[in-house]
Visitor: 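Once you've had a glance at the structure underneath, I'll fire off some questions.
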Amino acid sequence: MIHRIKGTQDLLPGEIEKWQYLEQKARDIFARYGYMEIRTPIFEETELFVRSIGQETDIVQKEMYTFADKSKKSLTLRPEGTAPVVRACIENNLLAGSGTLKLFYMGPMFRYERPQKGRYRQFYQIGAEVLGPDNPLIDVEVMEMLVRFLEELEIHPYQLHINSIGCPGCRPKYLKVLRAEITHALPQLCADCNRRASTNPLRVLDCKVETDQAHINALPASLDYLCEDCRTHFAVVQRFLNNRDIHYSVNSRLVRGLDYYEKTTFEITSDLLGAQNALLGGGRYNGLSESLGGPAISGFGFALGEERFILALPKEDYFWMRPEVYLAPLGPACFDFAVTLASQLRRNEIRAFLEFGDKSLKSQLRHADKLRIPFALIFGTEELHRKEIQCKNMRDGTQVTIRAEVSEIIRAIRGDTAR
RNA sequence: GUGAGCGUAGCUCAAUUGGCAGAGCACCAGGUUGUGGCCCUGGGGGUCGCGGGUUCGAGCCCCGUCGCUCACCCCA
């Protein structure tokens with residue numbers, strides 16, 4: 001028995017409808033905010049991710065699916081979507097204009113991690129990028145769109161957390177102070193923090209160990225070390241979030257795991273999820289384009305985890321384009337007619353289901369009921385001899401005899417007015 | 001990479017001290033010459049994850065192994 005790879009999943013009928021719903025709603029709201037879709041390859045040169053995400057990050061250090069192809073080139077299954085999008089923009093010269101470029105994408109990402117609730121090795125993200133000016137109103141518009149998106153999906157409660165982690169101009173100064181303070185507190189901190197202190201001091205801020213909290217709260221916050229430009233940027237973001245009546249909390253301990261972020265970072269969490277409680281996250285990445293050899297263009301973007309949205313979605317019956325009519329021929333003698341009729345109905349845009357097995361009427365109706373198809377067309381040799389057909393309404397059980405013609409059938413299942 | 005919990009029918013789970021592998025749901029058939037849901041009757045289905053060991057006898061005890069789940073880590 002061969003079965004699926006750890007951390008992957010088969011999305012089956014009954015579950016996939018939620019995904020279609022989610023993706024359809026995403027396309028809808030992206031269209032309203034002026035985004036166009038982009039699709040990039042599922043694998044890239046390894047170097048793209050190393051340079052953008054950062055050599056020392058966990059993603060690059062231990063989570064990438066990296067392999068050599070037959071020409072010995074090192075390739076990597078994409079662990080995130082921003083770097084490939086920016087790469088594609090540079091390569092196809094989409095950044096030539098001076099305006100704002102808004103793109104969205106959706107698709108699978110890959111990270112080699114131990115699976116748990118809401119976390120998979122192949123997982124799906126929907127994300128968007130705004131390339132162009134370094135304008136804080138972009139940050140606000142993206143967050144507003146996401147809050148609207150959550151409301152339309154009826155996902156609640158959720159919390160928006162924002163922070164500013166400074167820019168290459170002011171962050172080094174902050175990191176120096178942070179390092180010094182952490183070193184000072186090190187004896188009182190947990191083993192993980194002791195390790196992080198040297199590998200990635202920002203992550204110490206993210207520690208959840210109870211006994212560390214008091215010490216961590218006493219550590220300096222990046223917000224207190226922002227340069228003039230970063231401070232103004234963050235102030236404008238907050239002012240306009242307030243204007244739009246968007247509830248948020250400033251979380252000076254919000255740290256992101258990718259090195260390209262600067263200035264604004266944000267995250268939306270929900271306790272509808274498990275321990276992995278982030279529905280989505282994102283931030284500003286002004287230096288990314290240039291570091292990948294493109295023009296000096298600013299960027300802001302986010303990615304949301306589809307699996308996590310599915311977990312948070314209200315427990316409802318999601319839409320399925322189920323067949324409108326089930327053809328139940330009685331015996332092989334009527335099958336030719338059934339095939340022809342199904343074809344005619346479909347040409348008239350009727351969703352028709354035809355059973356191919358030689359099943360009893362009882363089992364065919366049971367099947368139609370199980371698929372919740374609203375009408376069944378029943379016909380045996382007697383009916384066909386008279387050019388008639390039985391049309392049964394599966395909801396109320398009523399049944400009428402009609403002429404075996406497409407126009408009659410359409411009238412019967414869609415009502416007199418429809419066509 | 002680390003830790004814990006769990007692997008018995010398609011699904012959810014029982015099985016006393018180690019003593020003939022079960023139920024509900026689902027599925028199929030019949031009750032109805034050609035009519036679904038509700039009800040009744042019957043039926044098909046099992047490498048008890050896998051491999052060793054102990055024992056007259058193992059789903060149960062022991063060792064190993066694989067898988068799943070959750071959590072740590074990290075992130076979407």
Side-chain angles (χ1 to χ4, degrees), chain A residues 1-9 12 14 53 57-63 78-82 106-127 146 190-193 195-196 199-200 202-203 206-209 254-258 261 265-270 273-283 301-312 326 328-331 333-334 357 359-383 389-399:
Chain A
M1 183 65 185
I2 298 173
H3 64 77
R4 66 174 191 276
I5 302 297
K6 184 201 288 283
T8 66
Q9 48 183 345
L12 307 177
I53 297 169
T57 59
D58 275 20
I59 292 178
V60 170
Q61 285 292 309
K62 51 189 194 192
E63 295 175 5
R78 62 183 186 193
E80 62 104 32
T82 300
M106 51 182 73
M109 306 292 163
F110 304 84
R111 290 183 202 170
Y112 188 87
E113 298 180 273
R114 287 291 284 269
Q116 70 186 76
K117 193 179 181 70
R119 190 173 77 180
Y120 299 88
R121 288 184 174 181
Q122 173 173 335
F123 59 103
Y124 289 80
Q125 286 191 336
I126 298 175
L146 289 166
C190 69
D192 280 333
C193 283
R195 182 178 49 75
R196 294 189 195 106
T199 59
N200 191 346
L202 279 176
R203 290 239 72 91
D206 206 28
C207 179
K208 282 138 196 145
V209 175
L254 173 62
V255 177
R256 316 241 69 237
L258 296 85
Y261 284 119
T265 60
F266 73 104
E267 198 169 279
I268 291 180
T269 59
S270 173
L273 308 178
Q276 305 300 324
N277 66 350
L279 279 167
L280 61 90
F302 76 91
L304 67 83
E306 292 195 60
E307 289 83 357
R308 297 182 185 178
F309 268 65
I310 300 294
L311 282 175
Y326 185 105
L330 293 173
C334 305
K359 313 264 271 180
S360 69
L361 178 59
K362 191 195 212 33
S363 79
Q364 292 197 76
L365 288 175
R366 240 203 299 268
H367 191 196
D369 187 53
K370 198 182 153 200
L371 295 175
R372 289 193 290 163
I373 298 175
F375 291 92
L377 298 179
I378 303 164
F379 45 93
T381 47
E382 293 171 33
E383 281 89 351
I389 207 166
Q390 306 288 333
C391 179
K392 177 162 187 168
N393 182 324
M394 298 294 285
R395 293 195 216 285
D396 59 22
T398 60
Q399 181 169 315

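Throughout, protein chains are lettered first and strands after them, A, B, ... in sequence-line order, and every chain is numbered starting at 1. Not measured: the values here are computed from a predicted model.
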Visitor: Of all the nucleotides listed (B:A76, B:G34, B:G36), which has the minimum atom distance to the side chain of A:Ala278?
Guide: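 Side chain of A:Ala278 sits closest to B:A76.
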Visitor: Would one find a side-chain N or O of A:Lys362 under 4.0 angstrom from OP1 or OP2 of B:G36?
Guide: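 Yes, because at least one side-chain N or O of A:Lys362 sits under 4.0 Å from OP1 or OP2 of B:G36.
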Visitor: When all nucleic acid strands are considered with a 4.0 Å heavy-atom cut-off, which category describes A:Leu258: base, sugar-phosphate, or nothing?
Guide: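 The residue A:Leu258 makes sugar-phosphate contact but no base contact.
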Visitor: I want to verify a distance call: between B:G67, B:A76, B:U35, whose nearest atom is closest to the A:Gln125 side chain?
Guide: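 The listed nucleotide nearest to A:Gln125's side chain is B:A76.
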Visitor: Base, sugar-phosphate alone, or nothing: which one does A:Gln390 contact when heavy atoms must sit under 4.0 Å apart?
Guide: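 Touches a base.
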Visitor: Categorize A:Arg114 for me: base, sugar-phosphate, or nothing, with a 4.0 angstrom heavy-atom threshold over every strand shown.
Guide: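 Since a base atom lies under 4.0 Å of A:Arg114, the category is base.
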Visitor: 5'-most contact on RNA chain B: A:Glu306 or A:Gly380, nearest heavy atom basis?
Guide: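 On the 5' side of the pair lies A:Gly380.
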Visitor: Within the structure shown, what part of the strands sits under 4.0 Å from A:Gln399 by heavy-atom distance: base, sugar-phosphate, or nothing?
Guide: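 Base: the residue A:Gln399, judged by heavy atoms under 4.0 Å, touches a nucleobase.
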Visitor: For a quick test of reading the model: is some side-chain N or O of A:Lys6 closer than 4.0 Å to OP1 or OP2 of B:C68?
Guide: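 True: A:Lys6 side-chain N/O within range (under 4.0 Å) of B:C68 OP1/OP2.
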Visitor: Pick base, sugar-phosphate or nothing for A:Glu267, based on heavy-atom distances below 4.0 Å to the nucleic acid.
Guide: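 Result for A:Glu267 = nothing.
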Visitor: Does any N or O donor sit under 3.5 Å from an N or O acceptor when you compare the side chain of A:Arg119 with the base of B:C74?
Guide: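 Checked by distance alone, the answer is yes.
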Visitor: State which of B:C74, B:G67, B:G37 makes the closest approach to the side chain of A:Asp369.
Guide: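 Nearest to the side-chain atoms of A:Asp369, counting from C-beta on, is B:G37.
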Visitor: State which of B:C70, B:G1, B:A76 makes the closest approach to the side chain of A:Gln116.
Guide: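 Output: B:C70.
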Visitor: Would you mind classifying the nucleic acid contact of A:Gly274 as base, sugar-phosphate or nothing, using non-hydrogen atoms under 4.0 angstrom?
Guide: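 Here A:Gly274 touches the backbone only, sparing every base.
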Visitor: For the side chain of A:Lys370, counting heavy atoms from C-beta on, which of B:C73, B:C27, B:G34 is nearest?
Guide: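 My answer, after comparing the listed nucleotides, is B:C27.
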Visitor: What I want to check is whether an N or O donor and acceptor connect the side chain of A:Glu383 with the base of B:G34 at under 3.5 Å.
Guide: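 When only heavy-atom distances are counted, A:Glu383 does reach the base of B:G34 through a donor-acceptor pair under 3.5 Å.
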Visitor: Name the nucleic acid region contacted by A:Leu330, choosing base, sugar-phosphate or nothing; use a 4.0 angstrom heavy-atom cut-off, strictly under.
Guide: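 Counting heavy atoms under 4.0 Å across all strands, the contact made by A:Leu330 includes a base.
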Visitor: Rounded to the nearest 0.5 Å, what separates atom CE in A:Met394 from atom CG in A:Leu365?
Guide: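 Output value for this atom pair is 5.0 Å.
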Visitor: Hey, which of these two, A:Ala275 or A:Thr381, hits RNA chain B nearer its 5' end, going by closest nucleotide?
Guide: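 This one resolves to A:Thr381.
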Visitor: Using a cut-off of 4.0 Å on non-hydrogen atoms, how would the nucleic acid contact of A:Gly397 be classed: base, sugar-phosphate, or nothing?
Guide: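 A:Gly397: base contact, heavy atoms under 4.0 Å.
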Visitor: Determine the contact category for A:Arg395: base if any of its heavy atoms lies under 4.0 Å from a base atom, sugar-phosphate if only primed atoms, P, OP1 or OP2 are that close, otherwise nothing.
Guide: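 A:Arg395: base contact, heavy atoms under 4.0 Å.
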Visitor: Quick one: do A:Arg119 and A:Arg114 satisfy side-chain contact (heavy atoms from CB on, under 4.5 Å)? Show the steps, please.
Guide: CA-CA 8 Å; A:Arg119 190 173 77 180; A:Arg114 287 291 284 269; 4.1 Å; yes
Visitor: For a quick test of reading the model: is some side-chain N or O of A:Arg366 closer than 4.0 Å to OP1 or OP2 of B:A29?
Guide: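 True: A:Arg366 side-chain N/O within range (under 4.0 Å) of B:A29 OP1/OP2.
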